[in-house]
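A note on names: the letters A, B, ... follow the listed sequences, proteins ahead of strands, and every chain is numbered from 1.
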2 protein chains.
Amino acid sequence: MESEQAILALAALAQSTRLEVFRLLVKHEPDGLAAGDIARELAVPQNTLSSHLSILSRAGLVSAQRFGRSIIYRAELGRLQSVVLFMLRDCCDGRPEICAPLIEGLAPCCQPKSKSKRRVHV
Amino acid sequence: MESEQAILALAALAQSTRLEVFRLLVKHEPDGLAAGDIARELAVPQNTLSSHLSILSRAGLVSAQRFGRSIIYRAELGRLQSVVLFMLRDCCDGRPEICAPLIEGLAPCCQPKSKSKRRVHV
DNA sequence: AGTATATTTCTATAATTCCAGATATATGGA
DNA sequence: TCCATATATCTGGAATTATAGAAATATACT
């Protein structure tokens, strides 16, 4: 990822409505949500939301697919991953001990059910 | 982490100079770098840089400690972690399969030396 | 074709952010 | 105390962004 794309993504997320939209879409993965449903859920005028969606889309953080009259939006988690990797680039090279704790600290987000035992995936 | 803090951090990173500063400090972990050295390295006027540093600092993304006349800045990776966790919150609850690949995909950033074999840490 | 629904694009105003010059503060040394 | 160094704050003008009203586009149904 290039710096310019990272900034585009970070700027897209650095606005309350758009951050809410993204989190809402993350919550609705992998089904996605129609633009109108998002507007209703977040109580934002549809044209305002539309321009926010377009910014998120340009940043690659969401994707859109038309179904009939509705357009379904989905969060692009891979893009988020790329942004984080960009920020950590050159940090780890040769010194994994610096950012390893960071990555490990993210893991719990995916294992809410198991309390402390770490489960090795098979 | 609250939404307001996340936006503060994202907005802080969504600007080219500040993103460069943060990445530079990540690269210089855990030693940190003096404000003047950062300004020199990135060829930014010191007063401009100072205000950028203050924004990063207010966002919790860097910390500062004075040593004599210099002020040493360090990246706060824990803050970055909190921001990412905030964005993924409510996603995983009950459905780890959604964001697990995301987290796993970040791991390689910390293991540049080993090619494909995954090394279990002891 | 005509009407209703879903979403986007155009537009203008208000608010915010970026930048660097000038100035101020803090530390260390003669 | 006086001077040099390191960094921060104040200031104002230029550029960017946020917001929502109005109009346009796309689809579906009758």
Side-chain angles (χ1 to χ4, degrees), chain A residues 3-25 28 31-76, chain B residues 3-25 28 31-76:
Chain A
S3 168
E4 204 176 327
Q5 296 176 290
I7 287 176
L8 214 57
L10 291 163
L13 293 170
Q15 200 278 338
S16 57
T17 302
R18 290 195 297 265
L19 185 55
E20 284 185 68
V21 168
F22 185 73
R23 300 214 316 142
L24 185 63
L25 290 178
H28 281 265
D31 301 330
L33 216 51
D37 292 336
I38 301 172
R40 212 165 302 117
E41 178 86 21
L42 301 181
V44 176
Q46 52 88 21
N47 57 349
T48 300
L49 179 77
S50 180
S51 79
H52 284 312
L53 283 171
S54 127
I55 289 169
L56 284 167
S57 179
R58 244 198 321 277
L61 288 164
V62 306
S63 58
Q65 187 174 5
R66 182 180 278 275
F67 284 100
R69 278 180 284 200
S70 297
I71 295 180
I72 305 297
Y73 282 88
R74 285 192 54 189
E76 287 290 334
Chain B
S3 168
E4 204 176 327
Q5 297 176 291
I7 287 176
L8 215 57
L10 291 163
L13 293 170
Q15 199 278 338
S16 58
T17 302
R18 290 195 296 265
L19 185 56
E20 284 185 68
V21 168
F22 185 74
R23 299 215 317 143
L24 184 63
L25 290 177
H28 280 265
D31 301 331
L33 215 53
D37 291 337
I38 301 172
R40 213 166 300 117
E41 177 86 22
L42 302 181
V44 176
Q46 69 82 208
N47 59 347
T48 300
L49 179 77
S50 179
S51 78
H52 283 313
L53 283 170
S54 129
I55 289 169
L56 284 167
S57 179
R58 244 197 321 277
L61 288 164
V62 307
S63 59
Q65 187 175 6
R66 181 179 279 276
F67 284 100
R69 278 180 285 201
S70 297
I71 295 180
I72 305 296
Y73 282 88
R74 284 191 54 188
E76 288 289 334

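- Per the geometry, CD belonging to Gln65(B) stands 18 Å off P belonging to dA6(D), to the nearest Å.
- Dashed line: the shortest gap from a side-chain N or O of Gln15(B) to OP1 or OP2 of dC19(C) is under 4.0 Å.
- Side-chain atoms of Ser70(A) lie closest to dA6(C) of the nucleotides dA8(D), dT27(C), dA6(C).
- Interatomic distance, CZ of Arg18(A) versus CG of Leu13(A), reported as 8.5 Å (0.5 Å rounding).
- If you take CD of Gln46(A) and C1' of dA23(D), they are 12 Å apart, rounded to a whole angstrom.
- Here the side chain of Arg58(B) pairs no donor or acceptor atom with the backbone of Leu53(B) at under 3.5 angstrom.
- DNA chain C is contacted by Asn47(A), Ser50(A) of residues 47-62 of chain A, taking any non-hydrogen atom closer than 4.0 Å.
- Counting only heavy atoms from C-beta outward, the side chains of Ile72(A) and Asp31(A) never approach each other to under 4.5 Å.
- When rounded to the nearest whole Å, the span between CG of Leu42(B) and P of dC19(C) equals 12 Å.
- At whole-Å resolution of the value, CZ in Arg66(B) and C1' in dT25(C) are 9 Å apart.
- The side chain of Tyr73(B) contributes an N or O atom lying less than 4.0 Å from OP1 or OP2 of dA8(D).
- The separation between Ile72(B) atom CD1 and dA8(D) atom C1' is 16 Å, rounded to whole Å.
- To the nearest 0.5 Å, atom NE2 of residue His52(B) and atom CZ of residue Phe22(B) are 15.5 Å apart.
- As judged by a 4.0 angstrom heavy-atom cut-off over every strand, Arg18(B) is placed among residues touching the sugar-phosphate backbone only.
- Residue Ala34(A) is classed as a sugar-phosphate contact, given heavy-atom separations below 4.0 Å to backbone atoms only.
- For the pair Leu8(B) CG and dT16(C) P, the computed distance is 14 Å after rounding to whole Å.
- A side-chain donor-acceptor contact under 3.5 Å links Arg66(B) to the backbone of Gly68(B).
- Using modelled atom types, no side-chain atom of Arg74(A) and backbone atom of Gly32(A) make a donor-acceptor pair closer than 3.5 Å.
- With DNA chain D read from its 5' end, the first of the two nearest nucleotides for Ala11(A) and Phe67(A) is the one closest to Ala11(A).
- Put simply, the residue from Leu19(A), Leu25(A), Leu24(A) that forms a side-chain contact (heavy atoms from CB on, under 4.5 Å) with Val21(A) is Leu25(A).
- Rounded to an integer number of Å, the gap from Arg69(B) CZ to dC3(D) P is 16 Å.
- Distances from the side chain of Ala35(A) to the nucleotides dT8(C), dT19(D), dC19(C) place dT8(C) closest.
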